[in-house]
Asker: 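Okay, here's the structure, questions in a sec.
All values below come from the heavy atoms of this structure, side chains included, with hydrogens, waters and symmetry mates left out. All figures in this text were calculated on a predicted structure; none of them were measured in a lab.
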2 protein chains.
Amino acid sequence: MTDADERCVCVIDDDDEVRGALASLFRSAGLTALVYESPSAFLEAGLPDCACCLVLDVRLRGESGLDFQDLLAERAIAIPIVMMTGHGDIPMTVRAMRAGAIDFLPKPFGTEDMLAAVLRAIETDRARRATASDSDRLRSAFARLTPREREVMGLVVTGLMNKQVAGRLNLSEITVKIHRGNVMRKMEAQSLADLVRMAEQLGVRDETIHRYGL
Amino acid sequence: MTDADERCVCVIDDDDEVRGALASLFRSAGLTALVYESPSAFLEAGLPDCACCLVLDVRLRGESGLDFQDLLAERAIAIPIVMMTGHGDIPMTVRAMRAGAIDFLPKPFGTEDMLAAVLRAIETDRARRATASDSDRLRSAFARLTPREREVMGLVVTGLMNKQVAGRLNLSEITVKIHRGNVMRKMEAQSLADLVRMAEQLGVRDETIHRYGL
DNA sequence: AAAGGTATCATACGCAGGTATGGGAAAGGT
DNA sequence: ACCTTTCCCATACCTGCGTATGATACCTTT
């Protein structure tokens with residue numbers, strides 16, 4: 001198994017025994033298990049760079065697992081969460097699921113249920129990471145454009161002709177053509193259709209329409 | 001208030017009293033309430049043509065509300081569901097929420113909670129209907145294209161030049177140009193960028209790539 | 001001061017896209 | 001039999017796009 005196939009589970013629970021039991025369960029299933037006794041310990045450690053998920057108790061010493069879930073969402077940390085609890089009720093479940101939890105397991109739970117939930121969560125993360133890395137490559141290419149090139153790109157993918165872009169930016173048409181050519185090359189777009197799809201994913205068009213009132 | 005602003009709640013419950021109580025609650029909030037004593041009665045009546053939602057008991061005579069939720073999903077009936085129950089547990093809640101339920105209310109619930117859930121569900125439906133009607137206009141325009149025009153559109157929005165499209169379809173370039181012009185006119189696309197976005201929404205490109213192995 | 005990146009523009013050439021005009025052929029419905 | 005639709009193609013013309021060549025100017029970094 002290569003590193004790229006590594007699958008990892010982060011467990012946050014304030015009970016030593018629970019942490020130990022879950023860790024050995026996951027390890028016996030071929031997963032890497034990382035255990036933390038508090039949310040802050042987890043945050044300080046940083047996220048592992050592989051398909052991973054978080055197993056979280058709803059009630060932690062002094063902190064709510066549900067609040068921590070919200071905190072992760074605010075910080076745009078999109079790790080899938082499997083929630084577990086000894087004293088759960090339906091409103092808690094609704095809140096957790098609405099916030100995007102993969103599963104919500106009342107204790108005591110069967111080890112197969114936990115394992116199934118975790119595998120499901122890891123698979124979700126794997127898919128998310130795949131699309132996120134595509135999006136990242138796109139974003140970094142876009143970041144390498146000059147400000148002018150970004151402006152031209154926005155107007156071009158909105159459907160304006162070169163001369164119209166030139167008018168809006170007070171440029172000559174030939175200058176627009178040059179910027180446009182640079183954009184195609186730097187973004188590695190094979191065609192205008194390609195560039196339009198990239199722009200759509202980046203939200204470039206929405207931004208352009210807003211800025212120029214199209 | 002015009003018809004377009006009408007908001008409607010469908011209640012399915014086998015208990016007369018519950019139906020009556022919920023109906024009067026919703027009506028007092030300015031909503032149209034339709035009550036049904038079984039899922040089949042609801043299906044026979046057909047969906048109201050306005051922003052609406054479904055309030056459903058998990059346990060119905062002989063039928064499961066959760067199974068009915070799955071049935072609606074299978075039939076692509078995308079009405080938002082507020083689930084309620086007298087004997088709910090966490091796994092049921094997880095299943096309902098995972099299947100897209102807006103809320104899951106254990107009985108007895110506060111009337112404000114129910115009303116809030118229903119308003120939220122109706123707002124969800126309103127947004128869904130708005131995007132669905134856009135998509136419908138697009139679909140009907142696409143349906144008015146001839147088979148050839150659809151093929152040409154697929155290849156054009158994939159990024160192929162006219163001569164490449166001509167090669168693939170064993171046509172002359174001029175014929176492709178004519179079809180392409182017809183596509184732009186019939187789809188009311190103002191630019192190629194426009195057409196690419198329409199095609200993306202319609203899933204035309206995925207289909208084309210699959211068919212021609214691009 | 002030199003170098004490099006960014007931005008601007010002109011001219012010119014070739015290719016791509018779009019439309020108009022005109023014509024031919026096959027399929028399907030009235 | 002006739003009409004409509006769909007599909008096909010040719011010639012011609014105009015517009016739009018892309019790039020090469022060459023030039024000027026500004027700013028920042030070295």
Asker: Check the phosphate of dC8(D) against Arg148(B), side-chain N and O only, distance under 4.0 Å to OP1 or OP2. Yes or no?
Answerer: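 So the side-chain polar atoms of Arg148(B) do come within 4.0 Å of the phosphate oxygens OP1 or OP2 of dC8(D), strictly under.
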Asker: Minimum heavy-atom separation for Cys50(A) and Cys8(A), please, with both atom names.
Answerer: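 Nearest pair, atom of Cys50(A) first, then Cys8(A): SG-CB, 3.4 Å.
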Asker: When you look at Tyr212(A) and Glu207(A), which way does the side-chain hydrogen bond (donor to acceptor under 3.5 Å, both in side chains) test go after all the steps?
Answerer: CA-CA 9 Å; Tyr212(A) 294 89; Glu207(A) 224 255 317; over 6 Å; no
Asker: If you measure from the Lys or Arg side-chain nitrogens to the Asp or Glu carboxylate oxygens, is any gap between Arg98(A) and Asp103(B) under 4.0 Å?
Answerer: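 Asp103(B) and Arg98(A): salt-bridged.
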Asker: Enumerate the residues from residues 171-193 of chain A whose closest heavy atom to DNA chain D is under 4.0 Å, giving them by residue number; use none for an empty result.
Answerer: Ile174(A), Lys177(A), Arg180(A), Gly181(A)
Asker: When you measure from the side-chain N and O atoms of Asn162(B) to the phosphate of dA16(C), is any distance below 4.0 Å, counting only OP1 and OP2?
Answerer: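 So the side-chain polar atoms of Asn162(B) never come under 4.0 Å of the phosphate oxygens OP1 or OP2 of dA16(C).
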Asker: How many Å lie between CG on Asn170(B) and C1' on dC9(D), as a whole number?
Answerer: 14 Å
Asker: Rounded to whole Å, please give me the gap between CE in Met161(A) and P in dG18(C).
Answerer: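 In whole Å, dG18(C) P lies 12 Å from Met161(A) CE.
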Asker: Does a side-chain N or O of Thr146(B) approach OP1 or OP2 of dC7(D) to a distance below 4.0 Å, or not?
Answerer: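 So the side chain of Thr146(B) is within the cut-off, an N or O lying under 4.0 Å from OP1 or OP2 of dC7(D).
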Asker: Measure CD/Gln164(A) against P/dT15(D) and give the value in whole Å, please.
Answerer: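 Between P of dT15(D) and CD of Gln164(A): 15 Å.
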Asker: Say whether Ser38(B) and Glu63(B), considering side chains only, have a donor N or O and an acceptor N or O under 3.5 Å apart.
Answerer: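 Ser38(B) vs Glu63(B): no donor-acceptor pair found between side chains.
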Asker: Check the distance between dC9(C)'s C1' and Leu169(A)'s CG and give it to me in whole angstrom.
Answerer: 15 Å
Asker: Could you state the NZ-P distance from Lys163(B) to dG17(C), rounded to the nearest angstrom?
Answerer: 8 Å
Asker: Would you kindly give the CD-to-C1' distance between Glu149(A) and dT8(C), to the nearest whole Å?
Answerer: 13 Å
Asker: Nearest-Å distance, CG (Leu195(A)) to P (dC17(D))?
Answerer: 14 Å
Asker: Can you find a side-chain donor-acceptor pair between Glu6(B) and Thr32(B) that sits under 3.5 Å?
Answerer: yes
Asker: Of all the heavy-atom pairs spanning Ala143(B) and Arg150(B), show the shortest one and how long it is.
Answerer: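 Smallest interatomic distance, heavy atoms only, reads O-NH1, 3.4 Å.
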